[in-house]
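To keep things clear, I will list the structure first and then write my remarks on it.
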Protein chains: 2
Amino acid sequence: MQNYHAILCYDGTKYNGWQKQGNTSNTIQEKLEQILTEIAQTPTEIFGSGRTDAGTHAKGQNANFHMNFSGTPKQLMTEINSRLPEDIGVLSLTEAAPRFHARLHAQAKRYVYNIWTGDMPPVFWRKYSFWCKEMPDISRMRQAAAQIIGTHDFKSFCANKRMKKSTVRTITEIQIEQKENRIVLSFTGNGFLYQMVRILTGTLIEIGEGKRSTEDIPSIFSAQDRACAGFTAPAKGLFLDEVFYDRAEGSGKA
Amino acid sequence: MQNYHAILCYDGTKYNGWQKQGNTSNTIQEKLEQILTEIAQTPTEIFGSGRTDAGTHAKGQNANFHMNFSGTPKQLMTEINSRLPEDIGVLSLTEAAPRFHARLHAQAKRYVYNIWTGDMPPVFWRKYSFWCKEMPDISRMRQAAAQIIGTHDFKSFCANKRMKKSTVRTITEIQIEQKENRIVLSFTGNGFLYQMVRILTGTLIEIGEGKRSTEDIPSIFSAQDRACAGFTAPAKGLFLDEVFYDRAEGSGKA
């Protein structure tokens with residue numbers, strides 16, 4: 001069977017996140033598997049690069065699946081898109097090397113978090129951003145972000161209390177850009193713990209609002225306690241923006 | 001009582017348009033009057049610059065209302081916004097001259113229509129744009145638009161068959177801009193008939209797709225028959241963008 005590499009976008013508002021697990025229904029993975037199974041007429045699984053939380057969006061989720069399909073990847077993509085609801089879409093579909101796996105071969109990811117500021121909450125961006133009435137101090141947020149970059153134990157920024165595996169991760173870049181009344185934060189790293197981007201964002205907002213010192217980051221890291229970090233920014237402001245693969249492992253025929 | 005001039009934005013997706021009329025319920029006007037009446041504790045009407053269709057959005061609807069309110073306009077705006085649902089917002093609120101009327105004194109309006117092109121329908125813009133798979137020919141659309149500018153009888157572009165009043169209007173500007181895979185059409189004029197912008201847009205799309213000649217416009221005008229013009233582009237792509245007032249008649253204390 002051919003292995004396919006798909007890049008997907010979705011509006012996560014109405015879904016319980018990417019991944020089906022236990023009794024969780026109404027996930028994006030489930031929706032896609034249902035459609036792939038209809039097309040292949042045999043049970044077909046799809047493997048995402050990682051989970052996204054309930055309510056979180058994606059502009060570049062990556063996934064792979066195996067299928068026998070007689071047409072071209074372009075035809076398969078059209079077939080899938082014609083069956084998908086309007087809040088999920090396949091952006092690209094290519095033939096992948098037989099052993100390519102969207103999660104195991106992912107080398108890095110970029111997440112983007114959108115903040116909207118101003119007296120009035122955003123009418124047209126209400127499902128895709130978090131509203132802060134007052135503009136936080138961007139230079140304070142950047143000072144704090146510089147202390148997050150690098151390899152650290154992110155246990156204090158992980159919402160999973162029973163996490164038994166390593167909580168060490170590397171963040172290679174954090175960009176904080178002001179675009180008119182919006183703030184766009186982007187986080188690039190080799191992996192992210194459960195709700196890590198949302199807790200990092202919440203902590204940076206509290207620093208930008210002057211509720212915390214820009215010098216708080218090292219002590220939050222050393223505490224290894226979720227309670228020492230900031231609030232969890234809402235899922236609706238978060239987008240999985242891009243997943244990075246080594247070219248040799250990535251898509252393209254073997 | 002003080003006359004107030006409000007500039008409003010709304011996501012029209014869930015509403016039956018701006019204006020309450022007869023048995024039409026769930027309108028934006030109705031929602032606002034309900035809130036203004038609660039604040040004033042006396043029945044309060046609001047007058048819009050004009051109707052918007054069911055499903056059409058606004059980034060700059062204008063309206064006026066009279067009220068006794070003890071605080072500043074800023075405080076009143078905050079009070080209204082705190083009671084509004086998340087798909088309606090007051091962008092500005094100022095004291096207006098006693099006789100200022102948002103409809104009677106409107107001198108011109110600008111509407112914007114958003115088209116999204118590409119293989120995949122827009123996931124995040126699905127409620128705010130019309131999807132054309134193939135990019136229409138912008139230069140053909142601009143050639144046709146040039147023939148629409150000016151003062152004409154727009155009867156062929158009016159969906160109201162029983163229109164008894166004059167159907168002559170003046171369009172002063174049509175801009176057609178391509179922004180990556182989007183096309184943004186903006187129409188500025190002294191007044192617009194029922195569904196006129198949507199029928200103009202549908203006609204321009206058909207010309208851009210090569211289904212009609214760029215020379216069709218004069219014959220559509222002279223036919224004075226709705227059936228001769230193009231399709232009615234869906235309401236969801238349309239935004240009332242701005243309403244223009246003479247400064248002397250507009251807001252500001254008398």
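What you see below is based on every heavy atom in this structure, not just the backbone, and it leaves out hydrogens, waters and symmetry mates. Proteins come first, then strands; the chains are lettered A, B, ... in the order of their sequence lines, and each starts at number 1.
In this structure, the ring pair (Phe, Tyr, Trp, His ring centres under 6.0 Å) partners of Phe130(A), at least two apart in sequence or on a different chain, are Phe231(A). Scanning for side-chain contact (heavy atoms from CB on, under 4.5 Å) contacts around Ala108(A) gives Phe244(A), with sequence neighbours left out. Scored by the side-chain contact (heavy atoms from CB on, under 4.5 Å) test, Leu91(B) finds Met120(A), Ile7(B), Cys9(B) as partners (sequence neighbours excluded).
Leu36(A) contributes atom CG, which lies 4.5 Å from atom CE of Met67(A) (distance to the nearest 0.5 angstrom). Between the CD1 atom of Ile28(A) and the CG atom of Leu8(A) there is a distance of 9.0 Å, given to the nearest 0.5 Å. Note: Met1(A) CE to Phe65(A) CZ = 11.0 Å, rounded to the nearest 0.5 Å.
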Write out the donor-acceptor pairs between chain A and chain B under 3.5 angstrom, atom names and distance to 0.1.
residue: Asp11(A); atom: OD2; partner: Arg126(B); partner atom: NH1; Å: 3.1
residue: Asp11(A); atom: OD2; partner: Arg126(B); partner atom: NH2; Å: 3.4
residue: Lys74(A); atom: NZ; partner: Asp119(B); partner atom: OD2; Å: 2.3
residue: Glu86(A); atom: OE2; partner: Arg126(B); partner atom: NE; Å: 3.4
residue: Asp119(A); atom: OD2; partner: Lys74(B); partner atom: NZ; Å: 2.3
residue: Arg126(A); atom: NE; partner: Glu86(B); partner atom: OE2; Å: 3.4
residue: Arg126(A); atom: NH1; partner: Asp11(B); partner atom: OD2; Å: 3.1
residue: Arg126(A); atom: NH2; partner: Asp11(B); partner atom: OD2; Å: 3.4

